[in-house]
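Here's the structure, in structure tokens; my notes come after.
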Amino acid sequence: MDYQFKDIEQKWQQFWADHQTFKAEDNSTKPKYYVLDMFPYPSGAGLHVGHPLGYIASDIFARYKRLKGFNVLHPMGYDSFGLPAEQYAIQTGQHPAITTETNIATYRRQLDQIGFSFDWSREVRTSSPDYYKWTQWIFMQLFNSWYNKAIEKAEPISVLVKHFEEHGSTGINAVCDEEILSFNADEWKAMSHDEQQAELLKYRLTYLRESTVNWCPALGTVLANDEVKDGFSERGGYPVEQKKMMQWSMRIAAYAERLLQGLDTIDWPEPLKEMQRNWIGKSTGASVRFPIENQESRVKSQEYIEVFTTRVDTIFGVTFVVLAPEHELVKELTTPEQKGAIEAYITQTKKKSELDRMADTKTVSGAFTGSYVLNPLNGEKVQIWIADYVLAGYGTGAVMAVPSGDQRDYLFAKHFNLPIVPIMDIQQIETEADPTKDGRYINSDFINGLFYNEAVKSVVAKLEEIGAGKAKVNFRMRDAIFGRQRYWGEPVPVYFKDGLPYLIEESELPLVLPEVDKYLPTESGEPPLGRAENWLYKQAPSKSPPEGETSSSHMAGSYRETADPVYYEQLKDFSRDNRNQPTEAENILWQLLRNEQTGFKIRRQHAIGQYIADFVSLQKGLIIELDGHHHKLNKEADDARTEVLNHLGFDVIRFINDEVLSNPQKVANDIKQKLQVIPDRKKVSPAGGDLEGAYAYELSTMPGWAGSSWYWYRYMDAHNDHEFASKKAVEYWKDVDLYIGGSEHATGHLLYSRFWNKFMKDMSLVVEEEPFKKLINQGMIQGRSNFVYRLVDEEGRGTNTFVSHGLIKEYKTSPLHVDVNIVDNDILNIQRFKEWREEYADAEFVLEGGKYICGHEVEKMSKSKFNVVNPDDLIARYGADTLRMYEMFLGPLEQSKPWNTNGIEGVFKFLRKFWRLFHNEQWVFTVSNAEPSKAELKSLHKIIRKVEEDVERFSFNTSVSSFMIAVNELTDLKCNNKSILQDMVIVLSSYAPHMCEELWTLLGNEAGTLSYATYPKFNGTYLIEDEFAYPISINGKTKMNLSISLSLDASATEAVVLANADVLRYLDGKSPKKVIVVKGRIVNMVV
RNA sequence: GCUCAGAUGGUGGAACUGGUAGACACGCAGGACUUAAAAUCCUGUUCCCGUAAACGGAGUGCGGGUUCGAUUCCCGCUCUGAGUACCA
């Protein structure tokens, strides 16, 4: 039979799913290999052709590693909390869980049809309570920890408490807030409980603090720095403003040094590491205190101004000090005479938006406070200025200005006529600052005549001696804000008592996201969770449940206890199917329930915890379920579900689909009656019980990066109810061996993940310091737009005539985007163009060579540019194997490139040609058992080695070319030798798995065994040549080729060359000055 | 501005430690099969000169260097893309 990719691909995808072919073993004697793709967010648009690029590469690698005898973990799941689903919910009122579910279904369908070898039994979703239970749990561990700088490691907070109890605050070297109390052990014990908790909060790795945040009013949330671009939100492009807010933060800065050092131990692309290094922004220097002159008279709060400098050696060149306008001492330092000028300057700075301030880096501006500081080393009096080139958020918000060495200081000094003192003998400062470190110091007191290294040492020593400063390392990286004022995220497992945060009990996890009526902030500006009814924490009567007994109050836990796990899974599957396809009965009934026809507001497809109820009245606490045939089989699951919902204070009534279909009005009336008789839902807390003495929960949810900061561990043990992953699983799988994804995660996900990983390592929860050993960035796939050129008439109006691209110079035209899906190799399908839009139905064309050629341009892939290519269409036309190979054939994985289907035919032809090797002229499967010829073995072993080399260095595009060469050779050899072809099938199977599985079984092998076959062993003896066609070159220019036996050594080869008649003709009588012979490579003669 | 990556035919790209530049594929041109088209197959295809072949010359962004020999190594520059931005 001819190559029927559709049947073949469907057949094998089904087979893999049915037989769980790619399920990784947890107990294996094989070495482990963990291949991971970056967690996708299931967006509504589904996959475009750029997404699978990385997945295909990792899949080829995973399949290859299986053939090489590894136990491969290659999982997939969804980072399913996030803004887009919530935005959609706000616009449509549909629960984000439903949107997310639908999107995931689309993703899954698209992923499946590309034939990936994912172990789907380990799928995770960050928005599932089973999963976020452990995200919340890790949050709790962070809350219960502090960072001990003495041992460069996080420790339980109990260690700190013990130290406080025994020694007070002395001897503690912690990463903590700036304002901490000093106390002895007795003073600590004398503190009230609240005072102690408030103090501990300053040490916890996750803590509350007032911070300036990027507040986006349009999105109603706080954005991370990397989600803001030029003062606008990256998603949606809404304006972002600075706002002070009480926020959960994570002390990632505690790990700055380890995050930096760790980069040297991992195999990541250099640009990516560089981005992280810049983001961490380590600078080594010194902090120096400049005493404020005459400070008794005005300044009381502080005696000095502290600055950070990386050039402490230039301290004798300081001629003024500059503070950020926001600096806390500005007010106190301003003299009455300068008050006007300073206030005017501050007002002017505030008015400038972030954007203006960035655009305008040329203008020099500032104001004099009227006060002075003294240079701590020579007592010189220098002026204190304020200027907006000094940033409040970096260092101490103050700089010592050295105009001779720093260009900004130089411009400032010139502009305000401040002194400029040279400090190096070789400094050239006539027109600009000279930051040189070479030369010897001048005008510099005790370091005069010294070189840089000596000078730094002796200045730091002197400063330490007089207590005016010390060597210091500064980081640019700030603590990460960990909270957003949104609905669709993990609830923070914290409640507030007397204004202080406390964790809920571990046994009460997961804290399930409550229902809200709208996904918007409350009228008083609180986050959407503020809308949740009775969203309050009631402490369990006994502080923690007895050993071995879990709280029965939370939904997922209780559900699993009341229901058999099998039913639990069935129910999950059922709700999944059901949600995607509302039944006819549901649709009919909805028409009778909507718009309060029953007298009560009914919601459709509303999420109650992790379940979606068909219909619900929140007021009455009544859930209406419609049961199809499915339920008859799963009555027990339904009962269990009812039990859980009852437990949550809901009544449940059920109808059978047939009842609704035969008499919908009766069903509606039954519902109406029921609603009238039952009382309004009694107020219960999500944790059960009444709400007497309950506390407010935290209302913000976790940010997008929470769930993705540890997910690779969940895949190791995805269904564990007792731990985030078992110790055994973590110790076996350890870390990710290969991680593939885009570089857009450089300073977000990849930094936070490393941070959580290091923390988890400190807590002995995991074993590796770095989570991702090897990382590869796949390049972006850009769009390739096509254009048609509309003829413009004399009045400048567009006509309905279109000019082919080659002729546009002769006409006046304007370009218009045209859908790339109706263009083939830049040739417009005129018929489909006319059908594309009504207005083009009568379009006329100026053709060249009978064809309409379109113009093209590389742009971002986007709907508005009509250049989005969906993998579905290509798979329908060529099949998944062709798509897989073509995406690889496009070029190096890491390189960005425009998508362009121009070459896809060639890949398809190649696969067909491969198929044909196994078939005769009549497409009947025929292979021979003859001994393979030397030439056949040579072709085979060339490709065996080539694919090994290419895959190991992630050069997938060159393998595809080599496959083509091999198949071309075997076709020329008319090869249909079984042993050769069988090995070819194994080698090709990671690239084109469906076709290879089919051929594998046709060759008589057991179905499904190909994935775990053994990669053929390379044998170099088949490649040994006895002759080589040497290129003979004269002065480096190749003139001819000459075949010479490889058994000859260099001098014998030279003799053969010099005796050759053609060579002599080229030499034209001259004798070569020198002859270079590289055996098996080249002969070069110098004349 | 700084940091990083990159630049090879009409197009995507190959050339791994310096050793025949343009593999493989697309496109294009010519041919075979066909009444015709599609599909398929065959041949050619870096550019320039020459009627064709042999042959000759130029050629990997630009300028220079090292070398018997440079797409590859070194120096300077141009352009493109990405990241970052008054970081003291």
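Residue numbers begin at 1 in each chain, while the letters A, B, ... track the order of the sequences.
- Only the P atoms considered, B/A53 is 13 Å distant from B/C48, to the nearest whole Å.
- Residue contacts for A/P892: at a heavy-atom cut-off of 4.0 Å it reaches the sugar-phosphate backbone alone, with no base atom in range.
- Nucleic acid contact class of A/E894 (heavy atoms, under 4.0 Å, all strands): none.
- Only one option out of A/F910, A/W899, A/Y878, A/F908 pairs with A/Y886 in a ring pair (Phe, Tyr, Trp, His ring centres under 6.0 Å); it is A/W899.
- Using atom C1' as the reference point in both B/A14 and B/G22, the two lie 8 Å apart (nearest Å).
- Taking atom OH of residue A/Y389 and atom C1' of nucleotide B/C86, one finds them 9 Å apart after rounding to whole Å.
- Between A/I1032 atom CD1 and B/G69 atom C1' there is a gap of 14 Å when expressed in whole angstrom units.
- Contact annotation for A/I1076: base contact, defined as any heavy-atom pair under 4.0 Å involving a base atom.
- Taking the P atoms as reference points, B/G59 lies 14 Å from B/U72, given to the whole Å.
- Put simply, A/N968 has a side-chain N or O that comes within less than 4.0 Å of OP1 or OP2 on B/A25.
- Between the C1' atoms of B/A21 and B/G76, the separation comes to 25 Å (whole Å).
- For B/G76, the glycosidic angle deviates from 0 by more than 90°, giving an anti base.
- Contact check, A/K909 against B/C26: a side-chain N or O comes under 4.0 Å of OP1 or OP2.
- Mapped onto RNA chain B by nearest heavy atom, A/F308 and A/G891 fall at different nucleotides, with A/G891 at the one closer to the 5' end.
- Contact between the side-chain N/O atoms of A/Q895 and the OP1/OP2 oxygens of B/G81 is not found at any separation under 4.0 Å.
- What separates NZ of A/K897 from C1' of B/U80 is a distance of 17 Å, to the nearest Å.
- Salt bridge present: A/R277 and A/E274 bring a charged side-chain N and a carboxylate O closer than 4.0 Å.
- Residue-level contact check: A/Y1030 touches neither bases nor backbone, having no heavy atom under 4.0 Å from any strand.
- With C1' as the reference atom, B/U3 and B/G56 are 48 Å apart, rounded to whole Å.
- One atom, CZ of A/F908, and another, P of B/A39, lie 12 Å apart when rounded to the nearest Å.
- Whole-Å rounding puts the A/I1034 CD1 to B/G69 P distance at 14 Å.
- A donor N or O paired with an acceptor N or O is not found under 3.5 Å between the base of B/C26 and the side-chain atoms of A/N902.
- Using a 4.0 Å heavy-atom cutoff across all strands shown, A/N1084 reaches at least one base atom of the nucleic acid.
- At a threshold of 4.0 angstrom between heavy atoms, the contacts of A/N474 with the nucleic acid are absent.
- Both A/M1085 and A/D409 lie close to RNA chain B; mapped to their nearest nucleotides by heavy-atom distance, the more 5′-ward contact belongs to A/M1085.
- Across A/A480 and A/Y752, no two heavy atoms sit closer than the pair CB-CE2, 3.7 Å.
- Scanning both residues, A/I1032 and A/M1085, for their nearest heavy atoms gives CG2-CE, 3.4 Å.
- Figure legend. B/C2 is base-paired to B/G83; pairs are counted as Watson-Crick or G-U wobble with both atom distances under 3.5 Å.
- Checking B/U20, B/G83, B/C87 against every side-chain atom of A/R408, the shortest atom distance belongs to B/C87.
- In this structure, A/F914 has its ring center no closer than 6.0 Å to that of A/F963.
- Salt bridge A/E887/A/K897: absent, no basic N to carboxylate O contact under 4.0 Å.
- Atom CH2 in A/W279 sits about 15 Å away from atom C1' in B/U3, given to the nearest Å.
- Using atom C1' as the reference point in both B/A54 and B/A32, the two lie 29 Å apart (nearest Å).
- Rounded to an integer number of Å, the gap from A/K1074 NZ to B/U67 P is 11 Å.
- Checking the phosphate oxygens (OP1, OP2) of B/U84, no side-chain nitrogen or oxygen of A/R277 falls inside 4.0 Å.
- Using atom C1' as the reference point in both B/C33 and B/U43, the two lie 15 Å apart (nearest Å).
- Rounded to an integer number of Å, the gap from CH2 of A/W899 to C1' of B/G13 is 15 Å.
- When the C1' atom is used for both B/U20 and B/A70, the distance is 14 Å, rounded to whole Å.
- A/V1077 pairs in a side-chain contact (heavy atoms from CB on, under 4.5 Å) with only one of the listed residues (A/I1044, A/D1049, A/T1053), which is A/T1053.
- Counting non-hydrogen atoms under 4.0 angstrom, A/N957 reaches the backbone sugars and phosphates but no base.
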